[in-house]
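Structure first, commentary second.
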Amino acid sequence: MQVKSSSINTEQLSFNQFKKEVLDDYKIAVISRECSLLGRREVLTGKAKFGIFGDGKEVPQLAMAKAFKKGDFRSGYYRDQTFMMAIGELTPQQFFAGLYAHPDIVAEPMSSGRQMGGHFMTHSLDEKGEFKNLTEQYNSTGDISPTAGQMPRMLGVAYASKLFREVSELQNSKFSNNGNEISWGTIGNASTSEGIFFETINAAGVLQVPMVISVWDDDYGISVPAKFQTTKENISEILKGFQRDEKAVGYEIFTVQGWDYAKLMDVYAKASKIAREEHVPVLIHVKDLTQPQGHSTSGSHERYKSKERLIWEKQHDCIAKMRDWIIEFELKDQKGNSLKFVELEEELIKIEKDAKKLVGQARRDAWTDYLTPIKNQKSTLIVLLDNLALKSNSKAFILKLKNDLNSIGEPSRKDILSTARKAIVYVRDESFFEKTQLQNWITSSLSSEQSKFSSHLYSQSSKSVNHVKEVLPTYNNNAELVDARIIIKDNFDTLFSKYNDVFIFGEDSGNIGDVNQGLVGLQEKYGLLRVSDTGIREATIVGQGIGMALRGLRPIAEIQYLDYLLYALQILSDDLATLHYRTAGKQKAPLIIRTRGHRLEGIWYSGSPMGAIVHLLRGMHVLVPRNMTKAAGFYNTLLECDEPALIVENLNGYRLKEKLPNNFGEFKTPIGVVETIKEGKDITVVSYGATLKIVEEVVNDLLQVDIDIEIIDAQSLLPFDKNQDVLKSIQKTNRLIVIDEDVPGGASAYLLNEILEKQNAYEFLDSKPISLTAKEHRASYGTDGDYFSKPNAEDIFEAIYNIMREVNPLKFKKLY
Ligand SMILES: Cc1ncc(C[n+]2csc(CCOP(=O)(O)OP(=O)(O)O)c2C)c(N)n1
Ligand SMILES: [Mg+2]
């Protein structure tokens, strides 16, 4: 039989080369499959906790890998082990190290054991946290588990290529070669039901970016079949409206069967060419894939797939089909001789046997590598416990602990440390050298082990915000008072001319220069790409920024109002805030989110959910400047750093007057430093954002009744008050009130925790610490709505007065 394939170009490739490529591909596929099979066993026998594998999806990934070039990026999900192996970024031993959660970035380069297996990445950063030359390596963004969570950043990675190609100042750096790089996405069929999938698809069509998205379609999302997932049960069918034609730009859409090796090669080569050369997004719907072992190790697919379906899956297993194709393949050369890949099936059997051996060995090596340091730790502790027991009155108890530990052949770090910490309790009242030895061992082990699991939540590089020093704004002698929006705008103007790689984008940010005119005229001055409008799509505005920042650019993504940050909060929390941590410091995305919020009008333009935000965005900085000069100073600081941050400007502050500085782009607001804006002796008032103005309004009223408050602007919620200046203030006033416009128990509770527990300020308090917040409900509309929803001047006056009244009821009489 003669098998035809348009991907076979015998003129370019000798038959022997072609044959070698095919057999090498087959080898990768069977090695990957073997990893999945053995991986499942490791979970079932208890060595690993959970397994989710790429079995049934191997063959299309070989095709994707063929088309993938250095400089390109993948944004995918947990099925892509074969792809990672095919581009040479994942070895079988590393695969098993991931399964065992080996907390070592060399042994387990995908996350240093922080993520469950099946979550992949490559290293963009060197030892110092600086970007490597990304054009010289294959790149994969760090995977996350939430379905479709890879979509928003996939857009940004692709959009960066557009910028690298179209903005001449950016061309040919260590991040891009003329924007030739493709953003390759993968997603499961069921995950295309998510809103952010459709949002991303639309945005990439609008932006016309080089994004090739593969849908691995196995007809299921865990147990739920396509019937309940996708209209018409067919994602490419329903996306047909996105297909480009003579009249309009759009997508190129392909469908291909996931077991058809030759056709897949052909489709991926075409897709790559279209995306790379024309910057047109491409969707490849890869159908008829299977799950030989079911979804994951937490269930079996026999529970929900029919007998017929299971038989069909066996028959359509992509590796089995590829194997048949290899055996049947035959070409005639010019002389009419028959050319075959394999003369005998034995050749394939040998590949399969070798793969089994290789994977078995890799598994053993990974386990030994994982276990050796733990076993060494165990041996050390056993000796320490023996010595401890000899001297202790609790000898029997300590020996029992030791023997219990000794009997665990393959212990965890937890087994070892919990034994040591239990032992120390037995000797708490005793005093001898061996106890000190154990104490020291516990302290040093805890600190070295903890950092394996907790490092890199924030930057540890020389560009961390911790290294930036404050630079004050300077003023001409006769500096004007101007609408504060002008300060924001003039500062952005300076930043755009200072940095070529800064881009700002969002709803209404471009043409009209944002809804509060903080960017007026800047699109005209710096061009459509530097200052641009986007669709109404908060999650992918953020994703656009994440992808750009991953590729070395300095994006500022605008979310029009703080209230609408909620649309993007999932991706900020799951992707951006975890990125540096989950990659153990091997990727960074120093994206700045610009938004405006706090009180203005009505339920959805008065939001200040800062508690929710600071709790969900650990890993980012959360900044709440009280005015536009402070805000501008934060932008200036952040652009010298390499960390992601959210800046909430005051929605009602753009038309208030501020003095015009003369050192735009240079003055810097420090991050994690509070500012005392009024000194006083009676009570420390900590507040931030729009509420501060109202606190300032009651200063004189309080002075009239002989209460002298000290006002501290928190200005940076994450991190908060690194110098512990609030503590110093409380040591003087001995009283504390925290005032904000979040819900009760929101950010004010966070601040109380920081001040009372972390700074130990409770020791210096003579009155109960109080928080004054907005009501539990959202802000009602209008002047009176605001008065009865958010803390007003009278509320603040009375709250402070009543604290003082409790101290001296004779002096401060009951008000009403
Ligand atoms: C937002 C979210 N919801 C639910 C889950 C749990 N979950 C993990 S995988 C999965 C099914 C995904 O199916 P599909 O996209 O078809 O990928 P496949 O596993 O079939 O390759 C679900 C529901 C999740 N990870 N994230
Ligand atoms: Mg599926």
Side-chain angles (χ1 to χ4, degrees), residues 32-33 36 39-40 43 49-61 64 74-84 115-120 142-154 185-201 213-231 233-236 238-239 255 257-259 283-301 303-305 309-310 312-313 316-318 539 543 566-575 578 582 616:
S32 172
R33 175 64 61 88
S36 302
R40 186 177 176 89
V43 176
K49 293 219 117 169
F50 175 75
I52 189 148
F53 306 116
D55 48 312
K57 318 277 188 301
E58 291 91 348
V59 175
Q61 293 180 28
M64 180 167 133
R74 162 190 171 276
S75 293
Y77 80 118
Y78 49 77
R79 298 288 182 213
D80 293 345
Q81 71 196 47
T82 313
F83 170 80
M84 294 301 288
Q115 294 225 66
M116 42 176 66
H119 293 67
F120 307 110
D143 292 352
I144 61 176
S145 298
T147 48
Q150 68 275 37
M151 296 299 301
R153 96 178 86 90
M154 189 190 304
T186 68
I187 187 167
N189 58 298
S191 301
T192 66
S193 310
E194 294 280 10
I196 45 175
F197 171 79
F198 287 96
E199 187 179 312
T200 306
I201 290 288
I213 162 112
S214 298
V215 181
W216 303 147
D217 190 348
D218 56 14
D219 280 316
Y220 282 85
I222 309 186
S223 67
V224 181
K227 183 163 84 160
F228 299 117
Q229 298 282 3
T230 308
T231 309
E233 302 184 33
N234 187 331
I235 190 68
S236 51
I238 60 171
L239 290 179
T255 58
Q257 276 150 326
W259 43 260
L283 181 116
I284 307 177
H285 183 188
V286 182
K287 294 177 164 175
D288 287 358
L289 289 168
T290 67
Q291 292 180 357
Q293 303 189 106
H295 174 78
S296 72
T297 51
S298 50
S300 82
H301 59 159
R303 272 196 304 157
Y304 49 80
K305 285 181 187 161
R309 170 75 196 185
L310 289 167
W312 181 92
E313 289 206 10
H316 291 80
D317 184 312
C318 60
L566 268 65
Y567 276 64
L569 203 49
Q570 180 267 328
I571 214 65
L572 284 171
S573 181
D574 285 331
D575 197 358
T578 66
R582 73 178 192 266
L616 284 167

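Indexing begins at 1, ligand by ligand and atom by atom, following the structure's order.
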Self-check item: Which residue and heavy atom of the protein sit nearest atom 22 (C) of ligand 1, plus the separation
Solution: I222 CD1, 3.6 Å

Exercise. Please report which non-hydrogen protein atom sits nearest to atom 9 (S) of ligand 1, along with the residue it belongs to and the distance in Å to one decimal place.
Key: Y78 OH, 2.8 Å

Self-check item: Donor-acceptor contact present, side-chain Q293 to main-chain S36, <3.5 Å
Solution: yes

Side chains of [X] and [Y], heavy atoms from C-beta outward: is any pair under 4.5 Å?
X    : Y    : result
E313 : H301 : yes
L289 : D217 : no
D143 : Y78  : no

Practice problem: Could you tell me whether atom 6 (C) of ligand 1 has at least one protein heavy atom nearer than 4.0 Å? | Solution: no

Exercise. From the options D80, I144, T147, select the one whose nearest heavy atom is closest to atom 3 (N) of ligand 1.
Key: T147

Quiz item: Any Lys/Arg nitrogen of D219 or R309 sitting under 4.0 Å from an Asp/Glu carboxylate oxygen of the other?
Solution: yes

Self-check item: R582 bridged to D575 by N-O distance under 4.0 Å
Solution: yes

Short list, please: which atoms of ligand 1 are under 4.0 Å from a heavy atom of [X]?
X    : result
A190 : 13 (O), 14 (P), 15 (O), 16 (O)
G221 : 11 (C), 13 (O), 16 (O)
Q291 : 20 (O)
Y77  : 17 (O), 18 (P), 21 (O)
D218 : 18 (P), 20 (O), 21 (O)
E194 : 1 (C)
G188 : 14 (P), 15 (O), 16 (O), 17 (O)
H295 : 9 (S), 10 (C), 11 (C), 19 (O)

With heavy atoms under 4.0 Å as the rule, classify the contact between [X] and ligand 1 as side chain, backbone, both or neither.
X    : answer
Y220 : backbone
S145 : backbone
Q229 : neither

Self-check item: Polar atom proximity, S191 to ligand 1 (N or O, under 3.5 Å)
Solution: yes

Quick check for you: to the nearest 0.5 Å, what is the distance between [X] atom [atom1] and [Y] atom [atom2]?
X    : Y    : atom1 : atom2 : value
D80  : M64  : CG    : CE    : 5.5 Å
L310 : K305 : CG    : NZ    : 6.5 Å
I144 : S573 : CD1   : OG    : 9.5 Å
L572 : T578 : CG    : OG1   : 10.5 Å

Quiz item: If you draw a 6.0 Å radius around CZ in F197, do more than 12 non-hydrogen atoms from other residues or ligands fall strictly inside?
Solution: yes

Exercise. With side chain to side chain contact (heavy atoms under 4.5 Å, CB included) as the test, would you mind laying out the steps for I52 and H295 before giving the verdict?
Key: CA-CA 7 Å; I52 189 148; H295 174 78; 3.5 Å; yes

Exercise. If the plane angle is over 60° it's perpendicular, under 30° parallel, otherwise tilted; pick one for H316 and W312.
Key: parallel

Quiz item: Given the rule in the side chain to side chain contact (heavy atoms under 4.5 Å, CB included) test, do V286 and K57 qualify, once you have shown the distances and angles that lead to the verdict?
Solution: CA-CA 9 Å; V286 182; K57 318 277 188 301; over 6 Å; no

Quiz item: Leaving waters out, which protein N, O or S atoms fall under 2.8 Å from the Mg ion (ligand 2)?
Solution: N189 OD1, D218 OD1, Y220 O

